[in-house]
Amino acid sequence: MIPNLILFYVADPAASAVFYERLLGTAPEAVFPGYAAFSFANGLSLGLWSETARDFVSGGSGHRSELAFMVAEDTEVDRTHARWSEMGIEIEQPPLDAVFGRTFVARDPDGHRIRVCTPDN
């Protein structure tokens, strides 16, 4: 088996789809009242599932995971941070040099963490 889908539980899939469309610069593949989805060229998909959907079940709470985007260079981390900041996207952790390389963390409207980083050094 190969993982191919990341699911984020969201309050409003349509609103989250608008956020991610702005962030990613690409339209969602599908938008339904309880679900929206984006597909990436590498085969990975991001699903945005309504916490109030009829079939939604979750015993947990909170957002303890991250959607991460690796970029080639430190300067691209900083450029992405500047662009997202200008877009008004919440920045949880400004750019820094972590043990694995240059990185920063943003948050989506539901509090999910979105990391931009360089490949592990």
Side-chain angles (χ1 to χ4, degrees):
M1 293 188 294
I2 298 172
N4 64 350
L5 174 64
I6 294 173
L7 284 172
F8 280 169
Y9 305 149
V10 300
D12 182 344
S16 291
V18 169
F19 172 85
Y20 279 100
E21 184 170 357
R22 282 185 58 227
L23 183 84
L24 302 170
T26 187
E29 182 175 292
V31 179
F32 302 102
Y35 185 79
F38 289 83
S39 293
F40 304 105
N42 65 355
L44 183 69
S45 295
L46 172 63
L48 307 168
W49 195 7
S50 174
E51 296 170 325
T52 61
R54 180 178 43 114
D55 298 324
F56 178 82
V57 176
S58 175
S61 64
H63 306 291
R64 303 297 301 165
S65 60
E66 298 179 350
L67 176 62
F69 295 90
M70 286 193 183
V71 297
E73 300 177 4
D74 291 353
T75 56
E76 194 170 349
V77 170
D78 294 331
R79 280 194 305 268
T80 303
H81 171 262
R83 186 172 68 251
W84 289 7
S85 294
E86 289 170 6
M87 294 171 64
I89 294 171
E90 179 187 350
I91 303 299
E92 180 178 70
Q93 182 181 51
L96 65 108
D97 294 317
V99 296
F100 53 82
R102 190 83 175 147
T103 189
F104 79 92
V105 178
R107 289 171 42 121
D108 76 5
D110 291 281
H112 299 103
R113 289 162 180 84
I114 307 164
R115 181 176 299 277
V116 177
C117 59
T118 55
D120 296 346
N121 292 333

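With sequence neighbours excluded, the residues forming a salt bridge (Lys or Arg N to Asp or Glu O under 4.0 Å) with D78 are R102, listed by chain and number. Looking at residues two or more places apart in sequence or on another chain, you find a ring-ring contact (aromatic ring centres under 6.0 Å, His included) between F104 and H81, W84.
Distance alone, capped at 3.5 Å, places no donor-acceptor pair between the R113 side chain and the E92 backbone.
Between F38 and I6 there is no side-chain heavy-atom pair separated by less than 4.5 Å. Side-chain contact between L24 and F40 is present, with at least one heavy-atom pair separated by less than 4.5 Å.
Heavy atoms only, all atoms of each residue included: V71 and P119 are closest at O-CD, 3.2 Å. When all heavy atoms are compared, the tightest approach of L67 to L46 is CD2-CD2, 3.9 Å. Smallest separation of non-hydrogen atoms from A98 and T103: CB-CG2, 3.9 Å. Residues F8 and S65 share a closest heavy-atom pair of CE2-OG, 4.2 Å. Smallest separation of non-hydrogen atoms from A17 and V31: CB-CG2, 4.3 Å. Taking every heavy atom of both residues into account, S50 and A11 meet most closely at OG-O, 4.1 Å.
In terms of hydrophobic clustering, with Ile, Leu, Val, Met, Phe, Trp and Tyr side chains grouped at heavy-atom distances under 4.5 Å, V105 and Y20 are assigned to different clusters. Under a hydrophobic-cluster definition in which Ile, Leu, Val, Met, Phe, Trp and Tyr are linked whenever side-chain heavy atoms come within less than 4.5 Å, directly or via other members, W49 and L5 are assigned to the same cluster. Residues I91 and I114 fall within the same hydrophobic cluster, defined by Ile, Leu, Val, Met, Phe, Trp and Tyr side chains chained together at heavy-atom separations under 4.5 Å. Hydrophobic clustering (side-chain heavy atoms under 4.5 Å, transitive across Ile, Leu, Val, Met, Phe, Trp, Tyr) keeps L44 apart from Y9. Under the 4.5 Å side-chain heavy-atom criterion for ILVMFWY residues, no single connected hydrophobic cluster contains both V77 and M70.
Counting non-hydrogen atoms of other residues, nucleotides and ligands closer than 6.0 Å to CZ of F32 gives a total of 12 or fewer.
Distance CG/D108 to CG/L48: 8.0 Å, rounded to 0.5 Å.
The salt bridge (Lys or Arg N to Asp or Glu O under 4.0 Å) analysis of residues 79-90, with sequence neighbours excluded, yields the pairs E90-R107.
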